[in-house]
Amino acid sequence: MPYINKVEFMGNLAKDPELRYMPDGSPTTKITIAVVDKWTDKNTGEMKEHIEWIPVLLYKRQAEVVCQYMKKGDTILVYGKQRSRRFVDGNGIERQITEVIAAEMQIIRTRGQQGEQAEQNLSNGIYGLM
């Protein structure tokens, strides 16, 4: 039986990305994307919203590009696969986290002068695995 593990998210960066390096020297970053769902409550007519926080791992050139051109609040489109992993936290408690491993990403909107430069440099669009 065939299986598909593919996700697509577009949202805003929750904080400025930080470039880190794997033991082999390859660059990586972990970003969190805020995805907002808005609706009107049928009973009260009140506007409601729910924010989903999506952790995303980027590697190699994708990580470098995101860290160079993006800041908190900028909009990114990510295609990838969902992966869950277990870890032991600082208190010795076993926990599980679900993350997105980015296969492709596209910067949708940036702010400020550095963002304008990013749009010029990245006008060709989607960055795949590099």
Please output the side-chain donor-acceptor pairs of residues 40-56 that fall under 3.5 Å, not counting sequence neighbours, one pair per line with the distance.
from  : atom 1 : to    : atom 2 : distance (Å)
Asp41 : OD1    : Asn43 : N      : 2.7
Asp41 : OD1    : Thr44 : N      : 3.0
Thr44 : OG1    : Glu46 : N      : 3.1
His50 : NE2    : Glu52 : OE1    : 2.9

N/O donor-acceptor pairs under 3.5 Å from side chains in residues 6-24, not counting sequence neighbours:
from  : atom 1 : to    : atom 2 : distance (Å)
Asn12 : OD1    : Thr75 : OG1    : 2.7
Asp16 : OD1    : Lys72 : N      : 2.7
Glu18 : OE1    : Arg20 : NH2    : 3.4
Asp24 : OD1    : Ser26 : N      : 2.9
Asp24 : OD1    : Ser26 : OG     : 2.8

Determine all donor-acceptor pairs shorter than 3.5 Å in which one atom belongs to a side chain in residues 80-87; sequence neighbours excluded.
from  : atom 1 : to    : atom 2 : distance (Å)
Ser84 : OG     : Thr98 : OG1    : 2.9
Arg85 : NE     : Glu99 : OE1    : 2.9
Arg85 : NH2    : Glu99 : OE2    : 3.0

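The backbone N or O of Leu58 lies less than 3.5 Å from a partner atom in the side chain of Thr28, making a donor-acceptor pair. Proximity of a side-chain donor or acceptor of Gln62 to a complementary backbone N or O of Ala103 within less than 3.5 Å is detected.
Of all heavy-atom pairs between Tyr69 and Ile107, the closest is CB-CD1, 4.1 Å. Between Asp74 and Arg111, the shortest heavy-atom contact is OD1-N, 3.3 Å.
Residues meeting the salt bridge (Lys or Arg N to Asp or Glu O under 4.0 Å) test with Asp89, sequence neighbours left out: Arg95.
Side-chain contact between Ile33 and Val100 is absent, with no heavy-atom pair separated by less than 4.5 Å.
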**Message:** Under the criterion side chain to side chain contact (heavy atoms under 4.5 Å, CB included), I'd like the reasoning laid out for Val65 against Met105: C-alpha separation, chi angles, the key distance, then a yes or no.
**Reply:** CA-CA 10 Å; Val65 168; Met105 68 85 175; 3.7 Å; yes
